[in-house]
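For reference, the structure is listed below as structure tokens.
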Amino acid sequence: MSLESVEKVRNAICEVGAGIIGDYTYCTTSTKSIGTFKLNDNANLYIGENNKLEFVEEEKLEFVCDIDKFKTVISKLREVHPYEKPAIDIVPLLDKYLFD
């Protein structure tokens, strides 16, 4: 996502239950990168120009989320994220109690 959007998205998702690890809240990590994309004529422009390859400094935000809060968190993320279709990767984690 764009660098200026990270704090807004982080605050929104953490307010509805993402980023909780034990007694800690707002647990996230982020990585800056260069994203590329080319908009077609049907795109709803946030940044860039149609039919031109764009290179944009972006920031990937990662966080944990309990399954019972998943739908609420993803819904909030989509509501506040500036892009039409934010890229969302979901990686299920095994509960540590399975190994105790």
Connected-component partners of Ile34 among ILVMFWY, side-chain separation under 4.5 Å: Leu53, Phe55
At their closest point, which heavy atom of Lys76 faces which heavy atom of Ile13, and how far apart are they? CG-N, 4.3 Å
In this structure, CG of Leu39 is separated from CG of Asn51 (nearest 0.5 Å) by 8.0 Å
Verify same cluster id: Ile88, Val64 (apolar side-chain graph, 4.5 Å): no
Indicate, with yes or no, if Val16 and Ile90 share a hydrophobic cluster defined by side-chain heavy-atom contacts under 4.5 Å among Ile, Leu, Val, Met, Phe, Trp and Tyr. yes
Specify the closest pair of heavy atoms between Cys27 and Phe63, including all atoms of both residues, with the distance to one decimal. O-CB, 3.9 Å
Which atom pair, heavy atoms only, marks the closest approach of Val73 to Cys65? CG2-SG, 3.7 Å
If a pair satisfies salt bridge (Lys or Arg N to Asp or Glu O under 4.0 Å) and one of its residues is in residues 56-65, list it, with sequence neighbours excluded. Lys60-Glu62
Salt bridge (Lys or Arg N to Asp or Glu O under 4.0 Å) partners of residues 7-27, not counting sequence neighbours, each pair once: Glu7-Arg10
The reported gap from CG in Leu61 to OG in Ser5 (rounded to nearest 0.5 angstrom) is 11.0 Å
State yes or no: do Ile67 and Leu93 share one hydrophobic cluster built from I, L, V, M, F, W and Y residues joined by side-chain heavy-atom distances below 4.5 Å, directly or via other members? no
Where do Met1 and Val9 come nearest, in terms of heavy atoms and distance? SD-CG2, 3.7 Å
Could you pull out all residues at least two apart from Tyr83 that satisfy ring pair (Phe, Tyr, Trp, His ring centres under 6.0 Å)? Tyr46, His81
Can you pull the salt bridge (Lys or Arg N to Asp or Glu O under 4.0 Å) pairs that have at least one residue in residues 63-72, sequence neighbours excluded? none
Just grab all the salt bridge (Lys or Arg N to Asp or Glu O under 4.0 Å) pairs involving residues 83-92, residues at least two apart or on different chains. none
Shared hydrophobic cluster for Val80 and Leu77 (ILVMFWY, side-chain gaps under 4.5 Å): yes
Does one hydrophobic cluster hold both Ile21 and Tyr26, with members joined at side-chain heavy-atom distances below 4.5 Å? no
